[in-house]
Amino acid sequence: GGKLIMDKRVYGVLGISSIMANWNADFSGNPKTVENGDIYGSDKALKYPMKKMWNDEGKKVLYIKSMRFSDGALIPKTLKERYEELFEVDDLKDCKDSKEVLGNLMSAVDVKNFGATFAEAKNNFSITGAVQFGQGFNKYSDASIEEQNILSPFRDGKKKEGDNGKSEEARNTTLGTKIVCDEAHYFYPFVINPLAYKEMQELGIKNSEYTQEDYENFKRTAIVSATAFATNSKEGCENEFAIFVETDAKLYLPNFTEYITFEKGEELNIINISKLSEILNEVADRIKDVEIYYNPYTTELISGINNEKRYNIVTQKEV
């Protein structure tokens, strides 16, 4: 088609602040931690609000939970059912044309960005996404985890055996817990490689170019999706920082989050990327564009990248 494949790599970081919230819980309900106690968020926690936002906008999103009724019960769809619904296919088993299936997969916005593992009915594909995220480590050293007790409005209806051996009804309502982190600041590194789908293009698979339009759509969503996504545990989580560094297609740079520090100032939080500035200024001739988004109401940014453009992440206006 007439769509041009993007001719640059993009390196960046997305920063999420979480205040009295739980950005990414493990199965015990606690914020995820590595063995030494450092708090982090997985790439899934970051991708989900993006997928939810695209889904709400009516774009095609394949890897998101959707439900159907089965004998009166509400159950999640299988990947096969989701595919059939999204691409209006009667039965995936009858799709013998891998080229067509791959073309459909690449027309889903989440697959186009993040890739897919698809193993259904004789169609086995593993697509490495153009956008790759690392894990998002919390860079605020004083984060602490709080457990709140919650009183439910209901008692447990099951009868329990009392001290006298007779079954007794519960006299009080049940207790629950909500676990939050008082404050955490997660920084996720990412890289966008538009050449990830080169082989598919050579095979003539539809929708397989990663275009400037795809990148703009990713960027637009990446800057706001955490703020837009409010559930009970995620209310209090916001996009607070983003940097997008566009480079030539063959420049390989290290993980940016290693060169970022976060600390509390007297009035504002301080995000310091001056170490990153040093690296980027050394290769300035190979950098096409640098955009930084941050929240000037809460944050002081210390940087010094040649020709950087600064934007207010809330209003998206230049600072």
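Screening Asn104, Asn207, Leu62 against Val111 for a side-chain contact (heavy atoms from CB on, under 4.5 Å) leaves a single residue, Leu62.
Hydrophobic cluster of Met67: the remaining members, joined at side-chain heavy-atom separations below 4.5 Å, are Phe69, Leu74, listed by chain and number. Phe137 belongs to a hydrophobic cluster whose other members, connected by ILVMFWY side-chain contacts under 4.5 Å either directly or through intermediates, are Val34, Tyr40. Taking Ile, Leu, Val, Met, Phe, Trp and Tyr as hydrophobic and joining them when side-chain heavy atoms fall under 4.5 Å apart, one finds Ile270 in a cluster with Ile302.
Between Lys288 and Val245 the shortest side-chain heavy-atom distance does not fall below 4.5 Å.
Around atom CG of Asn307, no more than 12 heavy atoms belonging to other residues, nucleotides or ligands sit under 6.0 Å away.
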Is there a salt bridge (Lys or Arg N to Asp or Glu O under 4.0 Å) between Arg220 and Glu216 once you walk through the steps? CA-CA 6 Å; Arg220 170 186 71 88; Glu216 297 296 342; over 6 Å; no
For the pair Phe244 and Phe190, evaluate ring-ring contact (aromatic ring centres under 6.0 Å, His included) and give the outcome as yes or no after the intermediate values. CA-CA 9 Å; Phe244 300 87; Phe190 68 88; 5.7 Å; yes
Test salt bridge (Lys or Arg N to Asp or Glu O under 4.0 Å) applied to Arg68 and Glu81, step by step: CA-CA 10 Å; Arg68 68 176 182 86; Glu81 287 166 343; 2.9 Å; yes
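Pairs passing the side chain to side chain donor-acceptor pair (under 3.5 Å) check and including a residue from residues 238-252, sequence neighbours excluded, read Lys8-Glu246, His185-Glu240, Tyr215-Glu246, Thr227-Asn239, Asp248-Arg286. Among residues at least two apart or in separate chains, there is no side chain to side chain donor-acceptor pair (under 3.5 Å) pair with a member in residues 117-142. Annotation: ring pair (Phe, Tyr, Trp, His ring centres under 6.0 Å) contacts involving residues 295-319, sequence neighbours excluded, comprise Tyr293-Tyr311.
Donor-acceptor pairing under 3.5 Å is lacking for the side chains of Asn312 and Lys317.
For the pair Lys234 and Phe229, the cation-pi test (distance below 6.0 Å, angle within 45°) is failed.
When atom types are taken as modelled, the side chain of Tyr83 and the backbone of Glu88 share no donor-acceptor pair closer than 3.5 angstrom.
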